[in-house]
Protein chains: 2
Amino acid sequence: MSGLDRSLIAALPPFAGAGPAQLDAVLDEARSVYRARGSSLYEQDKPADSFFVLLHGRLRVTRLTPDGRQVVVRFAGPGELVGVAVALGRDTYPATAAAAVDSVALAWPSARWPQMLGLLPALAGAALQAAGARLHDAHSRIVELSTEQVERRVANALVRLSETTGRRVEQGILIDFPISRQDVAEATGTTLHNVSRILSAWEERGWVKGGRQRIVICEPHRLMSLGEGYPANRG
Amino acid sequence: MSGLDRSLIAALPPFAGAGPAQLDAVLDEARSVYRARGSSLYEQDKPADSFFVLLHGRLRVTRLTPDGRQVVVRFAGPGELVGVAVALGRDTYPATAAAAVDSVALAWPSARWPQMLGLLPALAGAALQAAGARLHDAHSRIVELSTEQVERRVANALVRLSETTGRRVEQGILIDFPISRQDVAEATGTTLHNVSRILSAWEERGWVKGGRQRIVICEPHRLMSLGEGYPANRG
DNA sequence: CGGATACTTGAGCAATATCAACCGACGTGG
DNA sequence: CCACGTCGGTTGATATTGCTCAAGTATCCG
C-alpha cells in the first residue's frame, strides 16, 4: 500500500473501465513524483526506466538537435500518459520533459508495463489511441511546417494552445501557464524575433494582449481565420 | 477458407509469434486487393472501413491541405501495417495511400480489429511499436523542418529513402520506385524547382545521377555528411 | 538596487518561393 | 512507326519571407 488513493486516477482515460481492485494493484506499484517549475521529469537519450501519468501541472516536451537547437514537441497536461517510451518499443527517452509549472505525476518502472497491460486490458487500446492522436497532431504539424508561413503557424499554435490550456479571463482567453516568445518560436519552427514582431503587430490591432511569459487571446476568431489562410488585413 | 496461404504473413512483424491456427483464422477474414500504379488504396476523409497489410509494392501516403497542397506523409513498403485508422481511434482515414508501383495488400474490415487483437495478443504490442516508430519519425521530420534548410532536408530524405528502398546498381544506390522531383519536394516541404536545382548541382559534382522519376545516389556518404550539416563544398 | 531574463525593434541580407519560359522523354493513337 | 500531346524536368529572373546581427528596453527576483 503506497498511500495513494484510487480517486487520483479512476477518472483518467488510461484507466477507464478499471475496477477498484485493479486500480489499487496499479497504484501499489506507483510512486508519486513532484517537479518544481523548470526541472525535468525525464531527459532525452537517458534510459527510459519509468513512464508517467501527469496528475497536475504542465510539461514542455522538447527535443534537442545535434547542433543544439531546441524544438518543442508538445505540451502535455493533466491526465496524459507521458514518457511511455517502453510501450513504443524504445529504451531511451526520445525527448526531454520539463515542468512548465510545478507539477505532480505518478511514475511506474518501465519494467512494469507488461504487467499493467495484463492488469488493465483497456490500457493497450488507450495507449494506441493516445499514440494515434499524437501521430495525427505530428502529421498536422508537418503539413503546417511544409506549407504555411510563419504568421499562420503562430496563429494556429496559439489557437490550439487556447483550446487545450486556455482559461477565460476578463480580456479574452489566457494561455494558462508561463510561455515565452522563445517557446512559441520553438513550437512553430521560427525565431524568437519573428514571434515577437508578429505578436506586437497583433497586439496593435487588439487581437492579443502580451506580457512577460503571458499571452491573452482577445479575438480568437481573428486568429482562427488567419490560421485558415485569410490574410491579416485590418478590420 | 479464402485460399490465402499462411506463408504470406507468417514472417511479418505484425504476426510474429502467432501459431498456424491463429494465422489461418486471421487469413480467413482477409481479402487480398491489388492496386495498379497510380490508383489509391484508401482516401483521406473517407470512412475507414478497412485496414491493410502491404504485401508487395510501395505506397505513397499523402495528406492534402484545405487549399490544395499535397504533403507526403511517408512511403510504406512490404510488411507494413497501413490504414490502421481504427486502431488509432479514428473513423476516417487521415491521409490518402496511392500505389507508387503496382501493389498487393491484404485487407480486413475495420470492425474485425478487436477480434484480431483477441486472436493475436502480440498484435497490440506490434501496432504500438509501429505507431511509436512512426511517431518518432514524424517528430524527427518536425525537428528537421523547423531547424534545417532545404538542401539538408533533401539530402536526409534521399539518404533515408536509399536505406529503406534502395537497390544497389552499377552506379550507386537506386531509389527503387518511380519518384518525381515533385514527390521529393512534397516530402521535404519545398518546391519542385528547388529540388530540381539541388539535384542538378549534386549531379554536376557526381554525387547523384538523375533521370525521369529516377534517382541514383552515387556518393551516399557525401549526402550523409551534408545532412549532418557539413557544408556542400566540393571535394 | 543590481543582475538576469524576457522582450522589442530596426537594418541588412541570405535562402527560398514565385513567375516564366523552355526542353526533352515517353507513350498513345492514328 | 511516326507525330504530337502530356508530363516531368531544367533554368533564369525576380520577389519576398524570414533569419541574423545588433542594440536597446522592460520586468522580475533576490
Side-chain angles (χ1 to χ4, degrees), chain A residues 36-38 60 65 67-72 98 100-101 144-155 157-158 175 177-205 208-216 226 229 231-232, chain B residues 36-38 60 65 67-72 98 100 144-155 157-158 175 177-204 208-216 226 229 231-232:
Chain A
R37 177 179 167 188
R60 199 186 61 226
T65 68
D67 53 308
R69 300 182 57 153
Q70 225 178 34
V71 175
V72 173
V101 297
E144 227 180 82
L145 285 164
S146 297
T147 64
E148 291 173 14
Q149 46 197 59
V150 171
E151 190 179 36
R152 288 180 59 172
R153 301 206 301 266
V154 173
L158 292 193
I175 297 192
F177 64 96
I179 182 171
S180 69
R181 308 289 185 269
Q182 180 77 40
D183 290 333
V184 176
E186 286 172 2
T188 54
T190 182
T191 60
L192 155 67
H193 311 275
N194 280 315
V195 173
S196 179
R197 272 183 248 276
I198 288 167
L199 289 184
S200 294
W202 290 348
E203 186 153 6
E204 210 147 288
R205 292 175 190 177
V208 303
K209 180 102 187 52
R212 188 190 172 92
Q213 298 198 96
R214 188 187 147 86
I215 301 174
V216 180
L226 227 182
Chain B
R37 178 180 166 186
R60 201 186 59 225
T65 67
D67 53 305
R69 300 181 60 152
Q70 225 177 33
V71 174
V72 172
E144 228 181 80
L145 285 163
S146 297
T147 63
E148 291 174 14
Q149 46 198 56
V150 172
E151 189 178 37
R152 287 179 61 172
R153 301 205 301 264
V154 173
L158 292 193
I175 297 193
F177 64 95
I179 183 170
S180 68
R181 307 289 184 269
Q182 179 76 40
D183 290 334
V184 175
E186 287 172 1
T188 54
T190 182
T191 60
L192 154 66
H193 310 275
N194 279 318
V195 173
S196 180
R197 272 183 247 273
I198 288 168
L199 289 184
S200 294
W202 290 347
E203 186 153 8
E204 210 146 284
V208 303
K209 179 104 186 51
R212 189 191 172 89
Q213 298 198 99
R214 189 186 144 87
I215 301 173
V216 181
L226 228 182

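Because the structure is predicted, anything quoted here is derived from the model rather than measured.
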Under the rule for side chain to side chain contact (heavy atoms under 4.5 Å, CB included), what residues qualify as partners of A/Arg37, not counting sequence neighbours?
A/Asp102, A/Pro178, A/Gln213

Those residues that, when tested against B/Gln149, pass side chain to side chain contact (heavy atoms under 4.5 Å, CB included) (two or more places apart)
none

Contacts of type side chain to side chain contact (heavy atoms under 4.5 Å, CB included), residue A/Glu148, not counting sequence neighbours
A/Glu144, A/Arg152, A/Arg153, A/Asn156

Using a 4.0 Å cut-off on protein heavy atoms (strictly under), produce a 5'-to-3' string for nucleotides 6-15 of chain C with B for base contact, S for backbone-only sugar-phosphate contact, and - for none.
SSBBBB----

Over how many whole Å does the gap from B/Trp202 atom CH2 to D/dT11 atom C1' extend?
18 Å

Nearest whole Å is fine: how far is D/dG8 P from B/Arg37 CZ?
9 Å

To the nearest angstrom, how far is A/Glu151 atom CD from D/dT16 atom P?
16 Å

Could you check how far CZ of A/Arg153 sits from C1' of D/dT17, rounded to whole Å?
11 Å

Tell me every residue that passes side chain to side chain donor-acceptor pair (under 3.5 Å) with A/Thr147, counting only those two or more places apart in sequence or in another chain.
none

Heavy-atom distance under 4.5 Å between the side chains of B/Arg69 and B/Val71, does that happen here?
no

Involving DNA chain D, stems made of at least three consecutive Watson-Crick or G-U pairs, both distances under 3.5 Å
C:1-30 with D:1-30

Does A/Arg60 have any salt bridge (charged side-chain N to carboxylate O under 4.0 Å, His left out) partners at least two apart in sequence or in another chain, and if so, which?
A/Asp183

Who are the side chain to side chain donor-acceptor pair (under 3.5 Å) partners of B/Thr65, not counting sequence neighbours?
B/Asp67

I'd like to check the side chain to side chain contact (heavy atoms under 4.5 Å, CB included) partners of A/Ala185; sequence neighbours left out, ordered by chain and number.
A/Thr190, A/Val195

